[in-house]
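Below is one structure, written out as structure tokens; the observations come after it.
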2 protein chains.
Amino acid sequence: MIDKNSPLPIYYQLEEEIKQLIKSEQLKPGELLPSEREYAEKYNISRMTVRQAINNLASDGLLIRQKGKGTFIAEKKFEQTLQGLTSFSEDMKARGLTPSSKLVRFDVIQADQKLAEKLQLAEGDDLFIIHRIRLANESPVAVETIYTPKSIVGDMTEADFTPSFYHYMEKKLGYSIKQAHQEMEASLANDFEREHLRINEGDPVLLMERLTFLSNDIPFEYVKSAYRADRYKFKLQMPR
Amino acid sequence: MIDKNSPLPIYYQLEEEIKQLIKSEQLKPGELLPSEREYAEKYNISRMTVRQAINNLASDGLLIRQKGKGTFIAEKKFEQTLQGLTSFSEDMKARGLTPSSKLVRFDVIQADQKLAEKLQLAEGDDLFIIHRIRLANESPVAVETIYTPKSIVGDMTEADFTPSFYHYMEKKLGYSIKQAHQEMEASLANDFEREHLRINEGDPVLLMERLTFLSNDIPFEYVKSAYRADRYKFKLQMPR
DNA sequence: CTGATACTAATGTATAGACAACTATATATG
DNA sequence: CATATATAGTTGTCTATACATTAGTATCAG
């Protein structure tokens, strides 16, 4: 398990081992992790080295330390999945609804100045534009336009990003999504939104704009969405 | 600076000192922090203790460690200050605007069923209601209603929560704010909002609802706000 | 039975030291 | 002059140890 001659730091190897045990459910949420001393003796390493591994996992939220009691595997809460960046389909599933979508447009276009700047590309670079109506339980909730560089996603067909573009990025292409900058504001629906969301003139919408980054801090997605105000409320958990 | 007889851990005291130096701009972004050995010798403490302080600040993003070179003060990005839970006044300052407010109502009321449930109180318990118009550079941006239990904040006067209720909670009462559950949606302004925000019938507003928790997971604040859609955009950074 | 006390085991804090890995600079060598 | 080479200084990793603090349990006294 732990190889003292490995170039990888011991604390890192231990982190990976514990992560693996949690992932494979040999350690389940709520259960007690072996104590620091046990790990130190088992692998014949210093307790401080064990602490370094456990502290890292605790600050990642995977473990919960309790003085005098021990270290426990964290519960993966429902809120925890809602917390943080989610795609439309993940979001809807978390709310107990069935997501689907109706594709309006799927093309390759050339980046204009604004899109090139947002996505850190040169003007004229190839972009996919994915324009779709988002439904929950067959009823329209949002219109969404995604711009994503062809240089990152390569050749892509409609089947690839249906139902979830994030799923394709992560599971099929193996990218790791790190974080997003998101903006939200209220507005009145324009003609296009009104038509596709089946709402009336003067009805409000929640506008969302998001720039999403891979783990190497390269932006791979710029999305603009408009949500029906009467059917969608954005919920999040924020730490201080 | 460092008091070895203080009940506060040494590493924590050092963290606070470095934070203070950054805040007061005696250490500016990009500058080199004194080395670990320097701190250890200066205060006659162990280098490992210094490391604990510096590591904590580095994982908070305040410092950036570079092997072989040293530890540097991080650039404070605009987004970094916006990340996480902020009060209206903090939010506006981060945008370079001057926040102020006009108090509309400040009373003690009795919790109804809904408020009691949200704030984990009994029906009829005393609550402060703080109702104010929020201005940025003298111009109205939002109307805000805060409900907070008298049992937590005790006696409170208008001066206490002006300009910032969070500042009073944290700096004066010594509470630690942990996190909030927040919801955002779009709507049309009602009569009251239109009057105070000086907007017209049919104009949209961004509605925000927030339940804020102390470090012991007790809710201390329930806020409802309505922001002028043309003057306010909610920005946040979200990790995956 | 109840309550105080002692004990055990866990994490938290802190020390002193060693060597590794990396960066930058100064110095010697061709 | 250009290129190795040494050197100093930094953070990174790791050890072994000590005592503090907290939680839970066991034990004993009343």
Side-chain angles (χ1 to χ4, degrees), chain A residues 1-19 21-22 27 29-74, chain B residues 1-19 21-22 27 29-74 176 215-217:
Chain A
M1 325 271 202
I2 301 286
D3 176 7
K4 288 207 183 189
N5 297 318
S6 164
L8 298 173
I10 296 175
Y11 73 90
Y12 180 80
Q13 295 181 48
L14 184 54
E15 272 182 57
E16 291 302 312
E17 173 176 326
I18 296 174
K19 268 193 207 166
L21 289 175
I22 296 175
L27 285 173
E31 280 185 9
L32 186 63
L33 192 77
S35 79
E36 298 172 358
R37 278 188 183 79
E38 281 180 69
Y39 270 120
E41 284 168 23
K42 178 176 174 191
Y43 293 123
N44 198 28
I45 56 180
S46 163
R47 191 185 143 219
M48 290 306 284
T49 303
V50 177
R51 281 181 68 75
Q52 191 171 355
I54 293 181
N55 279 337
N56 286 346
L57 295 176
S59 71
D60 281 354
L62 268 80
L63 300 177
I64 294 171
R65 312 202 71 148
Q66 281 185 252
K67 193 198 291 200
K69 294 182 72 177
T71 303
F72 299 85
I73 318 299
Chain B
M1 325 274 207
I2 301 288
D3 176 6
K4 287 207 181 186
N5 297 317
S6 163
L8 297 173
I10 296 176
Y11 74 88
Y12 179 80
Q13 294 181 47
L14 183 54
E15 273 181 55
E16 291 301 313
E17 173 176 325
I18 295 174
K19 269 192 208 166
L21 288 176
I22 295 175
L27 286 173
E31 281 184 8
L32 186 64
L33 193 75
S35 79
E36 297 172 356
R37 279 189 180 80
E38 280 179 71
Y39 270 120
E41 283 168 23
K42 178 176 172 189
Y43 294 123
N44 198 29
I45 57 180
S46 162
R47 189 183 144 220
M48 290 305 285
T49 303
V50 177
R51 281 181 68 75
Q52 192 171 355
I54 293 182
N55 279 338
N56 286 347
L57 295 177
S59 71
D60 281 355
L62 268 79
L63 300 178
I64 294 170
R65 313 203 71 150
Q66 281 186 253
K67 191 197 291 200
K69 294 182 72 176
T71 303
F72 299 83
I73 317 300
S176 168
S215 55
N216 52 9
D217 286 319

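All values reported here derive from a predicted model rather than from experimental measurement. Protein chains get the first letters and strands the later ones, always in sequence-line order, with residue 1 at the start of each.
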**Prompt:** Does S35(B) or K4(A) map to a spot on DNA chain D nearer the 5' end, using the closest nucleotide for each?
**Reply:** S35(B)

**Message:** Checking side-chain polar atoms at under 3.5 Å, does Y43(A) have a donor or acceptor matched by the opposite partner on E17(A)?
**Reply:** yes

**Fill in**
Heavy-atom nearest nucleotide on DNA chain D taken for R37(A) and for R51(B); more 5' hit belongs to R51(B)

**Request:** Could you check whether I54(A) gets within reach of a base, just the sugar-phosphate, or nothing at all, counting any heavy atom under 4.0 Å?
**Result:** nothing

**Item:** Which nucleotides of DNA chain C pair, in dot-bracket form (Watson-Crick or G-U under 3.5 Å, | meaning another strand)
**Value:** ||||||||||||||||||||||||||||||

**Request:** Over all heavy atoms of both residues, which pair between P29(B) and A74(B) is shortest? Give the atoms and the distance, please.
**Result:** CB-O, 3.6 Å

**Request:** Please report, rounded to the nearest Å, how far the C1' atom of dT11(D) is from the CG atom of L57(B).
**Result:** 16 Å

**Request:** Please determine if a side-chain N or O atom of T49(A) lies less than 4.0 Å away from the OP1 or OP2 oxygen of dT13(D).
**Result:** no

**Request:** Would you confirm whether K19(A), through its side chain, and L57(A), through its main-chain N or O, come within 3.5 Å as a donor-acceptor pair?
**Result:** no

**Prompt:** Whole-Å distance between dC14(D) P and I45(A) CD1?
**Reply:** 8 Å

**Verdict with reasoning, K42(A) to I2(A), per side chain to side chain contact (heavy atoms under 4.5 Å, CB included)** = CA-CA 10 Å; K42(A) 178 176 174 191; I2(A) 301 286; over 6 Å; no

**Prompt:** Got V50(A) and E38(A) here, is their nearest side-chain heavy-atom distance under 4.5 Å?
**Reply:** no

**Message:** Donor-acceptor pair, distance only, cut-off 3.5 Å: does the side chain of Q13(A) make one with the backbone of L8(A)?
**Reply:** yes

**Message:** Could you report the tightest heavy-atom contact between Y11(B) and A53(B), atom names first, then the distance?
**Reply:** O-CB, 3.3 Å

**Spacing of L32(A) atom CG relative to dA23(D) atom P, expressed in whole Å** = 15 Å

**Prompt:** Roughly how far, to the nearest 0.5 Å, is CG of N44(A) from CD of E41(A)?
**Reply:** 9.5 Å

**Request:** Nearest whole angstrom, please: distance from the P of dG12(D) to the CG of N55(B).
**Result:** 7 Å

**R47(A) side chain, from C-beta outward: closest of dA18(D), dT13(D), dT15(D)** = dA18(D)

**Complete:** Y12(A) atom OH is separated from dC14(D) atom C1', nearest whole Å, by 18 Å

**Prompt:** What is the 5' to 3' range of DNA chain C, first to last nucleotide, that sits under 4.0 Å from any heavy atom of chain B?
**Reply:** dT13(C) to dA24(C)

**Asked** Is the closest side-chain heavy-atom distance between I73(A) and L63(A) below 4.5 Å?
**Response** yes

**Message:** Here's a test of your reading of the structure: between K69(B) and K67(A), which maps to the more 5' nucleotide of DNA chain C?
**Reply:** K67(A)

**Separation of dG9(D) C1' from Y39(B) OH (nearest whole Å)** = 17 Å

**Asked** Which whole-number value in Å describes the distance from Q52(A) CD to dA16(D) P?
**Response** 15 Å

**Request:** Quickly work out the I10(B) CD1 to dT21(D) C1' distance and round it to whole Å.
**Result:** 16 Å

**Asked** More 5' along DNA chain C: G68(A) or Y11(B), using each one's nearest nucleotide?
**Response** G68(A)

**Prompt:** Q66(B): what forms a side chain to side chain donor-acceptor pair (under 3.5 Å) with it, not counting sequence neighbours?
**Reply:** none

